[in-house]
Amino acid sequence: QAAEAAGQALSDLPAAVVDSLLEVRAACGDSGAAFALGRALCGIDLGAVPAATIADGPNMRKGAALLLRAADGGCDDAWMHLYRVHADHRLTVANPEMARFCLEKAAARGVAEAQRRLGALVLRGASTLEESEQALDWLHQAAQQGDGHARMLLRSLVLPLEGEDDEADQAIAAVARHDPWLAARLRVSREFGLTKLEALCFEPVAGRRRWGLVVGKNPFIAQIRLSAPRAIPALSPKALEHLHAVADLFARAGAQGSRHEGDLRRRSLNQRRLFARLGLDESMFFAVASSVALDSFRLGTKWAYRAREPLRMALAE
């Protein structure tokens, strides 16, 4: 352990001796010894310490068993090594189901790489809103730990808007003096890249999540492709703060807020009149996207094709 931490090779001890001593320690419940020997038996170098100086020859099955013992003993990094060896179809211990299990274990233990990989895999195969939500939760947790690839994947799910944030803030403040409910919707729409229809119809209280927003099925639209729900991640802590503040505002208002806003037709008319009165540009608050483009955010296979490059990088690293 000291040699690995210092990035230095071991002394001239024979590998067979190191192997046997680590095996004794592992049998006594030393998870550090099990982790070291397990990696070496799987051909994984311990930093600057070559695996050949630790293990007296490769043994994938024994190495995987020792890694499992280390993982069970609280060594979280062992789950990721187990994922890699079980996911490699060229190895004798290849097992896709076990690989997925180990990845889920690592993600649950807070390993950012595992959270990013698991989120990317779930999102790539997502065919339901529930699967998309699960994927965004994992990616959000990885992004919170500074994972750049997770952030790129989250960004690929948010439609872009025009204009500067300072200019948008001033416009929202102007709208708030006339209609605080519309101003609140514009704030969320700006942060999450909503279409005009989504912005005027989403339910802040029911739609908020710890990772972002779910725009529910639109009851005013007959076309399935236009009315289907969509999960949208928050790209910054500020976006989440604004969403929760808006949700709290609507929760406190309750039925009174609903009566003030009226139905979709009334909201739309009020928005158009206020924008015309204040000289505001809709492109600053409402994203433009076709039904085909919006479908690519809801179905994993379509999203994976559109975001294939950041997805490839997220799974390759």
Side-chain angles (χ1 to χ4, degrees), residues 129 132-133 136-137 139-140 143-144 151 154-221 226-254 256-264 266-272 274-275 278 280-289 293-294 297-298:
L129 178 64
S132 295
E133 289 194 52
L136 294 190
D137 194 7
L139 290 173
H140 176 72
Q144 282 188 311
R151 287 177 180 155
L154 292 175
R155 195 174 294 115
S156 73
L157 291 162
V158 179
L159 291 167
L161 290 174
E162 298 180 6
E164 299 296 327
D165 288 341
D166 290 343
E167 186 180 358
D169 290 341
Q170 294 174 10
I172 292 172
V175 172
R177 288 192 285 270
H178 300 275
D179 188 337
W181 311 105
L182 177 59
R185 288 185 176 278
L186 294 180
R187 171 61 68 192
V188 174
S189 184
R190 175 73 186 178
E191 298 285 4
F192 289 85
L194 305 184
T195 66
K196 184 175 180 178
L197 194 58
E198 289 174 333
L200 295 177
C201 294
F202 80 93
E203 296 292 339
V205 179
R208 66 173 163 179
R209 301 289 188 273
R210 67 175 183 175
W211 45 262
L213 171 69
V214 170
V215 177
K217 181 177 174 60
N218 194 319
F220 302 104
I221 305 299
L226 291 175
S227 65
R230 181 162 77 97
I232 310 168
L235 298 184
S236 68
K238 183 181 72 171
L240 276 179
E241 289 175 11
H242 288 156
L243 173 61
H244 290 306
V246 169
D248 291 341
L249 171 67
F250 276 74
R252 289 193 302 270
Q256 179 183 353
S258 299
R259 287 194 299 270
H260 178 85
E261 280 201 295
D263 59 14
L264 175 61
R266 180 176 171 181
R267 296 176 201 173
S268 180
L269 180 61
N270 187 44
Q271 176 267 317
R272 289 199 304 272
L274 260 180
F275 272 44
L278 300 174
L280 301 182
D281 188 348
E282 288 191 350
S283 64
M284 187 180 293
F285 299 103
F286 306 132
V288 177
L294 290 175
F297 292 101
R298 300 181 181 114

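- Heavy atoms only, all atoms of each residue included: Leu264 and Cys201 are closest at CD1-SG, 3.4 Å.
- In this structure, the separation between CG on Asp179 and CZ on Arg267 is 10.5 Å, given to the nearest 0.5 Å.
- Closest non-hydrogen pair, Leu280 versus Ala171, comes out as CD2-CB, 3.7 Å.
- Comment: Arg208 engages Asp248 in a salt bridge, judged by a side-chain N to carboxylate O separation of less than 4.0 angstrom.
- In terms of heavy-atom proximity, Ser283 sits nearest to Leu161 at O-CD2, 3.8 Å.
- Arg151 meets the side-chain hydrogen bond (donor to acceptor under 3.5 Å, both in side chains) test with no other residue; sequence neighbours excluded.
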Does Leu136 form a side chain to side chain contact (heavy atoms under 4.5 Å, CB included) with Arg209? I'd like the steps, not just the answer. CA-CA 10 Å; Leu136 294 190; Arg209 301 289 188 273; over 6 Å; no
For a side chain to side chain contact (heavy atoms under 4.5 Å, CB included) check, start with the C-alpha distance between Gln271 and Leu274, then their side-chain angles and the critical distance, and finish with the verdict. CA-CA 5 Å; Gln271 176 267 317; Leu274 260 180; over 6 Å; no
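- Residues that satisfy the ring pair (Phe, Tyr, Trp, His ring centres under 6.0 Å) test with Phe285, not counting sequence neighbours, are Phe275.
- Checked by atom type and distance alone, the side chain of Arg190 pairs as donor or acceptor with a backbone atom of Met284 at under 3.5 Å.
- Taking both residues in full, the closest heavy atoms of Gly212 and Leu240 are given as N-CD2, 3.7 Å, listed atom of the first, atom of the second, then distance.
- Atom CH2 of Trp181 is separated from atom CG of Leu200 by 15.5 Å, given to the nearest 0.5 angstrom.
- Remark: Lys238 engages no residue in a side-chain hydrogen bond (donor to acceptor under 3.5 Å, both in side chains) (not counting sequence neighbours).
- Within the 3.5 Å criterion, the main-chain N or O of Phe202 finds a donor-acceptor partner in the side chain of Arg185.
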With side chain to side chain contact (heavy atoms under 4.5 Å, CB included) as the test, would you mind laying out the steps for Phe286 and Leu197 before giving the verdict? CA-CA 9 Å; Phe286 306 132; Leu197 194 58; over 6 Å; no
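- The two atoms that bring Phe297 and Ser156 nearest to each other are CE2-O, 3.3 Å, heavy atoms only.
- Not one N or O on the side chain of Arg230 forms a donor-acceptor pair closer than 3.5 Å with the backbone of Leu294.
- Taking both residues in full, the closest heavy atoms of Ala234 and Ala239 are given as CB-CB, 4.1 Å, listed atom of the first, atom of the second, then distance.
- The backbone N or O of Pro229 lies less than 3.5 Å from a partner atom in the side chain of Arg298, making a donor-acceptor pair.
- Proximity of Leu269 to Arg266: side-chain heavy atoms (C-beta onward) are nowhere separated by under 4.5 Å.
- In this structure, the separation between CG on Leu243 and CZ on Arg210 is 14.5 Å, given to the nearest 0.5 Å.
- We find the CG-CG distance between Leu194 and Leu213 to be 6.0 Å, quoted to the nearest 0.5 Å.
- Distance check, rounded to the nearest 0.5 Å: CG of Leu249 to CZ of Arg187 gives 13.0 Å.
- Expressed to the nearest 0.5 Å, how far CD of Glu241 lies from CD of Glu191 amounts to 9.5 Å.
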